[in-house]
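The block underneath contains the structure these notes are about, expressed in structure tokens.
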Protein chains: 2
Amino acid sequence: MSQQRHESTPGNPGAAAAFPDLPEATIARLPEYLRALHNLEGSDTISSEALAAAAGVNSAKLRKDLSHLGSYGTRGVGYDVALLIEQIEYILGLDQRRAVCLVGVGNLGHALAGYDGFASRGFRIVALFDADPARIGEQISGLTVRHIDDLARVAAEESIAIGVIATPAGAAQAVADQLVTAGVTSILNFAPCVLSVPAGVDVRKVDLAIELQILSFHEHRKASLTALPGGRAPTGNQEAVGS
Amino acid sequence: MSQQRHESTPGNPGAAAAFPDLPEATIARLPEYLRALHNLEGSDTISSEALAAAAGVNSAKLRKDLSHLGSYGTRGVGYDVALLIEQIEYILGLDQRRAVCLVGVGNLGHALAGYDGFASRGFRIVALFDADPARIGEQISGLTVRHIDDLARVAAEESIAIGVIATPAGAAQAVADQLVTAGVTSILNFAPCVLSVPAGVDVRKVDLAIELQILSFHEHRKASLTALPGGRAPTGNQEAVGS
DNA sequence: CGCGATTTGTGCACGCCTTCACAAGCGCCT
DNA sequence: AGGCGCTTGTGAAGGCGTGCACAAATCGCG
Ligand SMILES: NC(=O)c1ccc[n+]([C@@H]2O[C@H](COP(=O)([O-])OP(=O)(O)OC[C@H]3O[C@@H](n4cnc5c(N)ncnc54)[C@H](O)[C@@H]3O)[C@@H](O)[C@H]2O)c1
Ligand SMILES: NC(=O)c1ccc[n+]([C@@H]2O[C@H](COP(=O)([O-])OP(=O)(O)OC[C@H]3O[C@@H](n4cnc5c(N)ncnc54)[C@H](O)[C@@H]3O)[C@@H](O)[C@H]2O)c1
């Protein structure tokens, strides 16, 4: 799944961890906690049990996760909601409202460009790009679609570090290369293909068909189980995508 | 992250595994292999090394995964492409071209409804539902938007086992309940919330903001590392979303 | 027919992650 | 002030997943 892995500062006693060395699994859950916490604003404090339920995880896991970031819960009371939100947002780097660009303003790109879940959760879409001359100049929720050739210039102007790819798979690698050249160091890829990027650039992929295929497997499995004489009803399963 | 987990037929020696008991991690990768294989049709055979590269994984991992499903590679030669495709599609239950319904034909729903990656990778969208009267009757790529109240009837008629939720978060739980009542046993949820479902129902979630937040964390981390005197360029990272 | 080149299948060790279970800490009430 | 109930933080154990490294198997060629 990973072409290269993050190094965990192996044998580097000189440079003390400037940043809490969180397990990947924990990082992937922090956004869940954050979302749950935002739904709970108004409460002053919350117990690990309650927050875990709201985030759909085990309470022990939640406590261990939070302990990793040196968080301050109070025994007998719980966690301070506002403080915890602040902590997690800091760790995730959301206090900076990072600039994001979107490449490929087609079917999916239109939906993404208009999605307010971006804005409300720490990001600003600051630029839309496409290669199709017919689309250049189009206005989408306050932004003008620009030509992909302007990417490098705009990325520098706006200090864009995160790019979203919503082009067909055939164009994705080329777009990724352009993004990297433009200084983008994190890519969210919706095209169903593997991207090759230099070290230091992070890529996350969302592939809808893969999600359905995994569900399909479980359907197939459930069907073959219940068809069995000794078969019993299988247990349900809820998984987050990403991690 | 998981409310309930699949049981792996614990202490159930009577009912032999009717279905290969694949590790969850392997299942999540099979669709990747499948996609890579489809891009390679024309070749007769392929080595684990080459296929692994195309799928973006380690070759040892690929071999172990394939060995789990009792696959037939030939030493010194590689894997038969056509046979492997057939095997994986069978395991994933894709030979049945499963019927899928989509609830919530808004911004995102429109993009999904028109997405041909559904059809080409083993699924048929057979119904679209919405609650907004203004949307009922709308035609989208050959399908008519129906009222959510017709869900149970249509689901039964078309034997729909998989449902996609693309409604606002506030409506998602209610929709999930309706899907479950209608007999749907697998749900792909795009709404940013935790769904509660009975045992036997599988839920997978796609949350775009979470993906960005994870990328944001790595940006934050990279920035704090390079700012360090002893800091060095971090290693790149490529992860699939979904396990 | 035998040999060498190639590639699969897997035993093994290691590390990560999860989960349990409980001691330690905190606040509240008497 | 003291005790009690509640909740956190964590040690330890177990399970899962990964990747190395190599034996076993197969093919092609001389
Ligand atoms: N539509 C969906 O619901 C959906 C869902 C999941 C994944 N995807 C994937 O997302 C991607 C986009 O899907 P879509 O349905 O929006 O496709 P689309 O064809 O509607 O849009 C693609 C857009 O990318 C632009 N483009 C092509 N080459 C480009 C380049 N080199 N640089 C910049 N822009 C370029 C095109 O002009 C077009 O506007 C595809 O890879 C698809 O598989 C789509
Ligand atoms: N737009 C995106 O790019 C995007 C990306 C990621 C996630 N999401 C999530 O996907 C969901 C949909 O997003 P959207 O932008 O399409 O929103 P939207 O408001 O455009 O569409 C929501 C649709 O759901 C329908 N709906 C509401 N209640 C319903 C009910 N009870 N039963 C059936 N239909 C109902 C509405 O009528 C509307 O058509 C949201 O939860 C959003 O957070 C959207």
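Just so it is clear: chains get the letters A, B, ... in the order the sequence lines come, proteins before strands, and each one is counted from 1. All values reported here derive from a predicted model rather than from experimental measurement.
- A:Leu66 has its CG atom 16 Å from the P atom of D:dT7, to the nearest Å.
- Side-chain N/O atoms of B:Lys61 include one lying less than 4.0 angstrom from OP1 or OP2 on D:dG19.
- Between A:Tyr72 and D:dT7, a side-chain N or O to OP1/OP2 separation shorter than 4.0 Å is absent.
- For the side chain to side chain contact (heavy atoms under 4.5 Å, CB included) test with B:Phe190, the passing option among B:Leu208, B:Thr167, B:Leu102, B:Leu108 is B:Leu108; the others fail.
- Whole-Å rounding puts the B:Leu62 CG to D:dT18 P distance at 12 Å.
- Protein atom CD of B:Glu24 is 13 Å distant from nucleotide atom C1' of D:dG17, rounded to whole Å.
- Sorted by first and then second residue, the side-chain hydrogen bond (donor to acceptor under 3.5 Å, both in side chains) pairs involving residues 172-185 of chain A (not counting sequence neighbours) are A:Gln173-A:Asp177, A:Thr185-B:Glu219.
- Spacing between atom CD1 of A:Ile27 and atom P of C:dT18 amounts to 12 Å, rounded to whole angstrom units.
- At least one donor-acceptor pair closer than 3.5 Å links the side chain of A:Gln213 to the backbone N or O of B:Arg121.
- In this structure a side-chain-to-backbone donor-acceptor pair under 3.5 Å is present from B:Ser120 to B:Asp116.
- One donor-acceptor pair, N or O on each side, does fall under 3.5 Å between the base of D:dG19 and the side chain of B:Lys64.
- When rounded to the nearest whole Å, the span between CD of B:Gln87 and C1' of C:dT8 equals 15 Å.
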Could you run through nucleotides 22-30 of chain C and give me one letter per nucleotide, 5' to 3': B if any protein heavy atom sits under 4.0 Å from the base, S if only the sugar-phosphate is that close, - if neither?
--BBBS---
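- Rounded to a whole Å, the CG atom of A:Asp21 is 13 Å from the C1' atom of C:dC16.
- A:Asn58 has a side-chain polar atom (N or O) that falls below the 4.0 Å cut-off from OP1 or OP2 of C:dC20.
- At the phosphate of D:dT7, neither OP1 nor OP2 sits under 4.0 Å from any side-chain N or O atom of A:Ser47.
- Atoms CG (B:Asp80) and P (D:dC27) sit 13 Å apart, rounded to a whole Å.
- Contact check on A:Arg97 versus A:Glu89 returns no salt bridge, with no Lys/Arg side-chain nitrogen under 4.0 Å from an Asp/Glu carboxylate oxygen.
- In this structure, B:Glu49 atom CD and C:dA5 atom P are separated by 18 Å, rounded to whole Å.
- In this structure, the side chains of A:Val194 and A:Val203 stay at 4.5 Å or more apart for every pair of heavy atoms.
- Side-chain contact, A:Asp80 with A:Thr45: no donor N or O sits under 3.5 Å from an acceptor N or O.
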